[in-house]
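This report concerns only the one structure given below.
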Protein chains: 2
Amino acid sequence: MKRGEPVDPAAPYLDRLRKAKVKVTANRQRVLGRFLEGDKPWTLQSLHRSLGREFDLSSVYRALSALRTSGLLEEFRLPGEKETFFSLIKHPEKSAAPGARGLGAKTRAHPHHHHHIVCRDCGLVSHLDICVPAGLMGKVEDASGFRITEHHLEFKGVCGNCK
Amino acid sequence: MKRGEPVDPAAPYLDRLRKAKVKVTANRQRVLGRFLEGDKPWTLQSLHRSLGREFDLSSVYRALSALRTSGLLEEFRLPGEKETFFSLIKHPEKSAAPGARGLGAKTRAHPHHHHHIVCRDCGLVSHLDICVPAGLMGKVEDASGFRITEHHLEFKGVCGNCK
DNA sequence: CTCTAAATGCAACTAACTTGCAATTGCAAT
DNA sequence: ATTGCAATTGCAAGTTAGTTGCATTTAGAG
Ligand SMILES: [Mn+2]
Ligand SMILES: [Mn+2]
Ligand SMILES: [Zn+2]
Ligand SMILES: [Zn+2]
């Protein structure tokens, strides 16, 4: 780590885009910027509102799609919520190779996998650095005869502020 | 348990409806019937297709809504899937009091809770009698400062037949 | 600086619900 | 068994959230 060189938090993400031969456009940097502002998930609609119609919904849609398929974002859904959420993947340089095109395409290998808890009162989303214990996974495989390839775990509750 | 009396698997569910002062209609019994045929999640659309347009989509919608808010069904969503899934709650007689009206309304306390694993190749759904370990729940509450009221866990994989 | 495949803006379109309202019906009270 | 009526249903219309075709613009390799 050299001293004096300013660290651009966007740099590893832009590198990842270039590596995926995806153009680094103003549009995409703008969307990425929102994700870099804080550890906060966004939806297509919330991003579009936040960006003030400075560009089209379909452009936000395709920016999200590009960032997701390039391995910068991951997607998840919550019961009782209509919209799909996206959150920034930490350490994109270590994440799995990009997968299928288009939103809604199946997510592949879990890069820096984690889960979420959402406040049922104020909607606050908190990221959790936990995962399903290996022991439980084994139990599931034994009990079902399946080989597990994917799992999804979401919590809902009441946040510290709303308690 | 008296001998000779036929056991109707629908009975406890219909009781629950009556207890909630929700009318037991042909429509609702029909939808409930599909859930009783097997431990399989349904969506609004898959149910509507399965019932062969014998009744309207909005009727299926409202039947699901009624069964859900009466505590007979629970709802969940999966990343990469557009539709909302519903699954039958086991032992509805022990489940929590009915909550808010309408689909998409928040789910409350989980009665006789369980989870599923779905085969990514043939769609087979297997019921799992496991749940998130209490220790993990505690860790989540400590790390997030939330009080957990609800959780959703789904597995995907390859079943014994498709392996 | 040129060239071209990739990305964008706009509009049209689809999928998945969701709701208003008039006709019908479950079921409680005769 | 019949009645009364609020709850439920069918139909049509509306909404939300996402998706796509196409003409124009642009990133970035050469
Ligand atoms: Mn996250
Ligand atoms: Mn379950
Ligand atoms: Zn809160
Ligand atoms: Zn299978």
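Labels below follow one simple rule: chain letters A, B, ... track the order of the sequence lines, proteins then strands, and each chain is numbered from 1.
Taken over five-pair windows at either terminus, the axes of the helix from C/dC1-D/dG30 to C/dT30-D/dA1 are inclined to one another by 40° (rounded to 10 degrees).
For the OP1/OP2 pair of D/dG18 and a distance below 4.0 Å, the side-chain nitrogens and oxygens of A/Tyr61 include no atom meeting the criterion. Contact annotation: A/Gln45 side-chain N/O to D/dG18 OP1/OP2 distance is under 4.0 Å.
Comment: B/Glu81 engages B/Lys156 in a salt bridge, judged by a side-chain N to carboxylate O separation of less than 4.0 angstrom. No salt bridge links A/Glu141 with A/Arg147; every basic N to acidic carboxylate O contact stays at or beyond 4.0 Å.
The neighbour count for B/Lys163 NZ, taken as heavy atoms of other residues, nucleotides or ligands under 6.0 Å away, is above 12.
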Considering only nitrogen or oxygen atoms on both sides, find all protein atoms under 3.5 Å from nucleotides 9-11 of chain C and state each distance.
unit_1, atom_1, unit_2, atom_2, d
C/dG9, OP2, A/Asn27, ND2, 3.4
C/dG9, OP2, A/Ser59, OG, 2.3
C/dG9, O6, A/Arg62, NH2, 2.7
C/dC10, N4, A/Ser58, OG, 3.1
C/dC10, N4, A/Arg62, NH2, 3.2

N/O contacts under 3.5 Å, protein versus nucleotides 25-28 of chain D?
unit_1, atom_1, unit_2, atom_2, d
D/dA27, N3, A/Lys23, NZ, 3.3
D/dG28, OP1, A/Val24, N, 2.8

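Rounded to a whole Å, the CZ atom of B/Arg68 is 11 Å from the P atom of C/dT18.
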N/O donor to acceptor pairs below 3.5 angstrom from side-chain atoms of residues 18-27 of chain B, sequence neighbours left out:
unit_1, atom_1, unit_2, atom_2, d
B/Arg18, NH1, B/Asp15, OD1, 3.2
B/Thr25, OG1, B/Arg28, N, 3.2

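The ring-ring contact (aromatic ring centres under 6.0 Å, His included) search around B/Phe55 returns none, not counting sequence neighbours. Looking at residues two or more places apart in sequence or on another chain, you find a salt bridge (Lys or Arg N to Asp or Glu O under 4.0 Å) between A/Arg34 and A/Glu37.
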